[in-house]
Amino acid sequence: MVNINRVAIVGGTHGNEFTGVYLINKFNKIPKLVQRPSFKTQTIIANIWVFNTVKRYIDKDLNRCFATADLQNDSPFYLEEKQAKFLNRLSTPKVIFKLILFWICTVRLLIWVFRSF
C-alpha cells in the first residue's frame, strides 16, 4: 500500500469554471472537510488571474502548459506557462508526483497526490 504524505487540492484551472474555486474557498473555511491525520492537505486556486476575468484562459490553456518541454523552458512567455512552472515546483525532487483528474459536473478539480520516496 502506498503511503500518501501530502495532498494538494487544486481548483480554478479555467476562469470560466466556478465550482473548483467555490470548493477551494469552502475547504479553506471548513478545513475539516479535507484534513486527515495521515497526510497534509493543501488547497490552491490554480489560476486566480484568469478566474477574475471570467474567461477560460488569458493567453494559453493551463492544461496545455504541463508538457515536459514547456516546464523546462527557462523563458516562459505566457501567464499560464509561468503558472504551470510554479505549480509544477510544488513537487520537489524528493516526492513522486501524480496528477489525478476528477470531473465534477463539467468542471475539473485537480487533486495532486504526493508521496515521499
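Keep in mind it's a predicted model, so treat the numbers as computed, not measured.
- Side-chain contact between Thr43 and Leu23: absent, with no pair of heavy atoms (C-beta onward) separated by less than 4.5 Å.
- Summarising the geometry of Lys85 relative to Asn73, their closest heavy-atom pair is NZ-O, 2.9 Å, with the distance given to 0.1 Å.
- Once rounded to the nearest 0.5 Å, the distance linking CD1 of Ile9 with CD of Gln42 reads 10.0 Å.
- Placement of Leu79 and Val50 within a single hydrophobic cluster is found when ILVMFWY residues are connected by side-chain heavy-atom separations under 4.5 Å, directly or transitively.
- For Tyr22, the OH atom counts as loosely surrounded, since its 6.0 Å shell holds 12 or fewer non-hydrogen atoms of other residues, nucleotides or ligands.
- No side-chain heavy atom of Asp61 sits under 4.5 Å from any side-chain heavy atom of Glu80.
- With rounding to the nearest 0.5 angstrom, the CD1 atom of Ile44 is 6.5 Å from the CZ atom of Phe86.
- Nearest heavy-atom pair across Lys60 and Cys65 is CD-SG, 3.8 Å.
- To the nearest 0.5 Å, the span separating OG1 on Thr53 from CD1 on Ile48 amounts to 10.0 Å.
- For the atom pair OG1 (Thr13) and CD1 (Ile45), the distance works out to 11.0 Å, reported to the nearest 0.5 Å.
- What you find for Asn63 and His14 is that their closest heavy atoms are ND2-CE1, 3.2 Å.
- Residue Leu71 is not grouped with residue Phe77 when hydrophobic side chains (ILVMFWY) are merged at heavy-atom distances under 4.5 angstrom, including chains of intermediate members.
- Side-chain contact between Tyr78 and Ile58 is absent, with no heavy atoms from C-beta onward closer than 4.5 Å.
- The minimum heavy-atom distance between Ala46 and Val10, with the atom names listed, is CB-CG1, 3.4 Å.
- Remark: Tyr57 OH is loosely packed, at most 12 non-hydrogen atoms of other residues, nucleotides or ligands lying under 6.0 Å away.
- Val21 and Gly12 get closest at one heavy-atom pair: CG2-CA, 3.5 Å.
- A distance of 10.0 Å separates CG of Leu62 from CZ of Arg56, quoted to the nearest 0.5 Å.
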